[in-house]
Undergrad: 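Submitted below is the structure of interest, expressed as structure tokens.
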Amino acid sequence: MGIGILTSGGDCAGMNPAIRKFVDICFENKVEPYLIYDGLEGMIDGKIKKASKKDVSGIIHRGGTIIRSSRSKRFFEKVYREEAYNQLKSKGINSIVILGGDGSFRALKQFYDDFGIRFVGIPATIDNDIHLTEYCLGVDTALNVIRSAIDNIRDTASSFKRAFVVEVMGRECGYLAIVSAITSGAEICLVPEMEYNLNSIKYRLNSEIKEGRGYILAIVAEGVNKTQFLKDWIEKELGMDARVSVLGHIQRGGNPTVYDRLMGFEFASKALDALLNRNVQNGVVVYREGRFFIETIEDVVSGKYKIKRELLNLAKKMSGNT
Ligand code: F6P
């Protein structure tokens with residue numbers, strides 16, 4: 001029996017530790033581990049290799065994913081899913097561990113319905129936007145990359161008495177922005193999950209500027225789509241020279257933090273436990289309140305991730321909600 005592993009969608013730190021653990025556990029259980037390169041695209045094209053210890057040595061500290069990733073359009077078509085199925089069959093692979101977001105889980109659920117290939121998903125995306133899990137692999141590393149970037153930006157902002165509008169990733173989810181804003185002590189934070197009140201922000205910051213405030217840090221989630229608008233608003237309404245810094249893909253890179261290495265190991269071992277010992281047909285490993293669970297794909301993809309009320313409360317003032 002063979003089990004494949006693939007990484008799909010946006011890469012993130014922690015994928016390599018998970019791949020390493022996956023291979024180790026397969027060997028311990030005398031199961032053949034297969035590395036599927038280039039995500040779902042590679043599965044269609046048969047870029048599949050039986051893993052050796054050597055393939056996964058010296059990878060734990062590396063960011064990204066050594067088996068690469070893709071966003072596959074072809075996999076939406078049954079004819080290509082059938083090609084992927086034939087590729088797996090020719091190697092004797094009957095189940096899969098997939099690291100990615102809910103779009104990837106949906107794709108594999110369709111694959112399971114078509115051909116009965118069992119799979120378990122591991123939430124892996126810096127966006128932290130997957131329903132029923134408090135944590136997705138890669139988030140801690142991304143937050144630390146953002147923290148370091150904001151620390152640097154603060155140096156130049158304070159040297160020049162400037163405002164900086166820092167745009168962070170997250171798609172429709174404001175988790176990265178809100179946690180970064182709170183932990184950097186930002187003055188402004190705009191996220192899709194919260195209404196904002198510019199009048200109240202203006203009132204507060206103008207009086208702080210009068211009292212000597214020298215610079216401003218504003219953290220904006222990409223999903224709000226207000227980065228340039230906010231820069232112009234600050235210049236006009238607060239009278240402070242402002243710059244925009246879009247952090248972009250640096251947020252996806254970097255060596256995995258200790259937390260992401262540990263979580264990579266844990267997610268991988270829970271996923272394999274589900275496939276090897278619990279006869280799970282398809283599901284997602286989730287993490288809540290310090291414990292791991294397996295949830296059904298239907299439950300995971302049917303809802304929207306919600307940022308905890310406590311976190312939103314901590315950021316209220318930064319959005320002008322008093
Ligand atoms: O989903 C992860 C993510 O990094 C998002 O935060 C971002 O919007 C998107 O991927 C960027 O996608 P791409 O790498 O295709 O430009």
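One-based numbering, in listed order, for ligands and for the atoms of each.
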Undergrad: In a simple table, one pair per line, please give the protein and ligand 1 atom names for every N or O pair closer than 3.5 Å, along with the distance.
TA:
| residue | atom | partner | partner atom | Å |
| --- | --- | --- | --- | --- |
| ligand 1 | 1 (O) | Asp127 | OD2 | 2.7 |
| ligand 1 | 1 (O) | Arg171 | NE | 3.3 |
| ligand 1 | 4 (O) | Arg252 | NH1 | 2.8 |
| ligand 1 | 6 (O) | Asp127 | OD1 | 2.6 |
| ligand 1 | 6 (O) | Gly170 | N | 3.2 |
| ligand 1 | 6 (O) | Glu222 | OE2 | 3.4 |
| ligand 1 | 8 (O) | Glu222 | OE2 | 2.6 |
| ligand 1 | 10 (O) | Arg71 | NH2 | 3.3 |
| ligand 1 | 10 (O) | Arg252 | NH1 | 3.1 |
| ligand 1 | 12 (O) | Arg71 | NH2 | 3.0 |
| ligand 1 | 14 (O) | His249 | NE2 | 3.0 |
| ligand 1 | 14 (O) | Arg252 | NH1 | 2.9 |
| ligand 1 | 14 (O) | Arg252 | NH2 | 2.9 |
| ligand 1 | 15 (O) | Arg71 | NE | 3.3 |
| ligand 1 | 15 (O) | Arg71 | NH2 | 3.2 |
| ligand 1 | 16 (O) | His249 | NE2 | 3.0 |

Undergrad: Would you say Ser269's side chain and Glu266's backbone share a donor-acceptor pair under 3.5 angstrom?
TA: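 Confirmed, Ser269 side chain pairs with Glu266 backbone.
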Undergrad: In the hydrophobic clustering that connects Ile, Leu, Val, Met, Phe, Trp and Tyr at side-chain heavy-atom distances below 4.5 Å, which members other than Phe160 occupy its cluster, ordered by chain and number?
TA: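 Listed partners: none, Phe160 stands alone.
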Undergrad: For the side chain of Gln281 and the backbone of Arg118, is there at least one donor-acceptor N/O pair under 3.5 Å apart?
TA: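 Not confirmed, Gln281 side chain does not pair with Arg118 backbone.
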Undergrad: Could you list who else is in Leu238's hydrophobic cluster, with ILVMFWY side chains joined at under 4.5 Å, directly or through other members?
TA: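 Noted: Leu238 shares its cluster with Val165, Ile188, Leu190, Tyr196, Leu198, Ile201, Leu205, Ile209, Ile216, Val220, Val224, Phe229, Leu230, Trp233, Ile234, Met240, Val244, Val246.
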Undergrad: Any salt bridge linking Arg74 with Asp45? Criterion: basic side-chain nitrogen under 4.0 Å from a carboxylate oxygen.
TA: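 Salt bridge flag = yes for Asp45 with Arg74.
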Undergrad: Taking side-chain hydrogen bond (donor to acceptor under 3.5 Å, both in side chains) as the definition, give me every residue that meets it alongside Asp151, ordered by chain and number, with sequence neighbours left out.
TA: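 Arg147.
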